[in-house]
Amino acid sequence: MKRQDIIELAELVRIDFTDDEIARLEKEIPSVLQYVSAVQKIATDVTEVDPGLRRNVLRSDEVVSTKPEDVEALLDSAPVREGRYIKVKKVLNVD
Amino acid sequence: MLTKYPTISALRNAYLSGNYTPIQAVADAFAIIDEKDKEIQAFLELYREEAKHEAVLATERLKKEGDNAPALLGVPIAIKNNILIKGKKTTASSKMLENYVATYDATIIERLREAGAIFIGATNMDEFAMGSSTENSAFMTTKNPYDTKRVPGGSSGGSAASVAMGAVTASIGTDTGGSIRQPASYCGLVGLKPTYGAVSRNGLIAMGSSLDQAGPLTRSVLDAEIIHCVMAGLDPKDATTIAPDTYPDVPVKQSYTIGVPRSFFEQGIDTSVMKVFDEQLEKLAKAGHKIEDIELPLFEQGLAAYYIVMPAEVSSNLARFDGMRYGLSEDGDTLREVYGKTRATGFGAEVKRRILLGAYVLSSGYYDAYYRKAEAVRSMMRKELTDMFQKVDLVLTPSAPTPAFVVGEFSDPLSVYKQDIFTVPVNLTGVPAISVPADHVEVEGKALPVGMQFIAPHQGESRLFDIGIRAHDKIQGL
């Protein structure tokens, strides 16, 4: 794993790391990966992965709770609120 | 004040006999906190006014209802701060949620309330439940009441310390890879990790969603059973909760065949812990149980699979902290800048490390080599364990390889991760396990508690309570 790999991963996870942090991760991540790579020797055949318990968990498509005070509390948790909207920076940039 | 820190049943008897009231219990809880918590630092926030008010109501209600009062009426309880209580700060010990106020009650909070529990305060933890010592809390490190140089364990370290210091009768923690059982072991308590799906996760701040379960930290196994029964059960708000008959019945027996995976204990385990463990085996044999050496080769590889599956789930779950809807938000010129700065400021080092690791094992090109293999190992482990439970009734291990370690003792992540070697396979396979105090070991003039972990088949909680009550409560006169 190279410095560039860490920088690319940092972009994927949307965290602005400092140079010190990157230098530390460059050492720590490969040592953990080396440890966990033991799984590759155990699971040589992975054609069948047990999906665990499966059943229908869908409920009927009905509105169950929109008490006005709940809506207010949720909107109030947002860093920037405008009326009944949460305000964020522009998502799409069209030139 | 009672002469001895009570169990739930002792507290209830004192209430019913009229010798003691919830008003006194809550006053005593805060008196102990005021005396000790400056040093121990178990609590992030105290709910003084609400608790006093609830105590008055509980005292009146006990007078009227007597023995018909609900199971936890007037019992002072502490709650790990990753469990939502409406109107209260729920921080997960992270700067990301330092000022976040919960907008609803977790299902388990609703159930505990209905059973009459009084919430005393919110307890410290490792940030987002990632750690084994509370040293990863963004706010403070909780100390072990048995030796304040040492950690209480983690991630539910504040919950464990709050009971061990005598402030509350019980506390609630969450366990993703050992976060209830290891602090229970370090603090001389009982700690239960229920079967995956037994207890609703609605209102818990998610870490590893296929691994997380909430459970009690208590002074007796019976107390753990009482609290577990209040919290457990199907919940329409958590689709992964299971009906009571989902798995084959796990009956309680006169005597048990207990499997001991001895080859698992060869590396990195403290000799004092091993000595205590062997003494307990002898006692169990004398009590009529059959002790059998077993091999669980895949179980021993659990930690490797865990440190792939868990970070993968962490990186997905923590993607929601984006500075847009709630929690910390750092300003920036673009959306991308808000994300990057918020997550850089809000998350601590361990959380960032796991998010990055998770993104790596899930990324295209590495998914097959890591995540897919780890899930395959997990399936194989489940089968190995199910087969083993055809031969033995319970599996027994130490809860942790050492007694509580000294604050700051570990600097590299991998050596801390290895503290969870006996507990993570339980989460990966979804079975229930209980850590029960075994004995104390003498370290630098202090008596440090050491626990042992009983593991049962899926939905075998009643078997865990049965063996636990016989191996601990009865012997301790609880």
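Proteins get letters first, then strands, A, B, ... in listed order; numbering begins at 1 in each. Remember, it's a predicted structure, so these values are computed and weren't measured experimentally.
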Item to check | Per-residue contact mode, Glu28(A) against chain B (heavy atom under 4.5 angstrom) | outcome: side chain

Next on the checklist: Is a donor from one side chain sitting under 3.5 angstrom from an acceptor on the other, for Ser94(B) and Glu127(B)?
Outcome noted: yes

Next on the checklist: For Ile86(A), which atoms come within 4.5 Å of any heavy atom of chain B: side chain, backbone, both, or neither?
Outcome noted: side chain

Next on the checklist: Tell me the closest heavy-atom pair linking Gln301(B) and Ala38(A), and the distance in Å.
Outcome noted: OE1-CB, 3.9 Å

Checklist entry - Under 3.5 Å, is there a donor-acceptor pair between the Thr176(B) and Asp212(B) side chains? => result yes

Next on the checklist: Show the nearest heavy-atom pair for residues Arg343(B) and Met96(B), with the distance to one decimal.
Outcome noted: CA-CE, 3.9 Å

Checklist outcome for this item: Whatever's closer than 4.5 Å to a heavy atom in chain B on Leu25(A) counts as side chain

Item to check | Thr241(B) versus Arg201(B), side-chain donor and acceptor atoms under 3.5 Å | outcome: no

Checklist entry - Which bit of Phe17(A) is near chain B, if near means a heavy-atom gap under 4.5 Å: side chain, backbone, both or neither? => result side chain

Item to check | Structural part of Glu11(A) lying under 4.5 Å from a heavy atom of chain B | outcome: both

Checklist entry - Do you know which of Met1(A), Arg59(A), Arg81(A), Arg24(A) has the most heavy-atom pairs under 4.5 Å to chain B? => result Met1(A)

Checklist entry - Taking Asp5(A), Leu12(A), Asp70(A), Val32(A) one by one, which has the highest count of heavy-atom pairs under 4.5 Å against chain B? => result Val32(A)

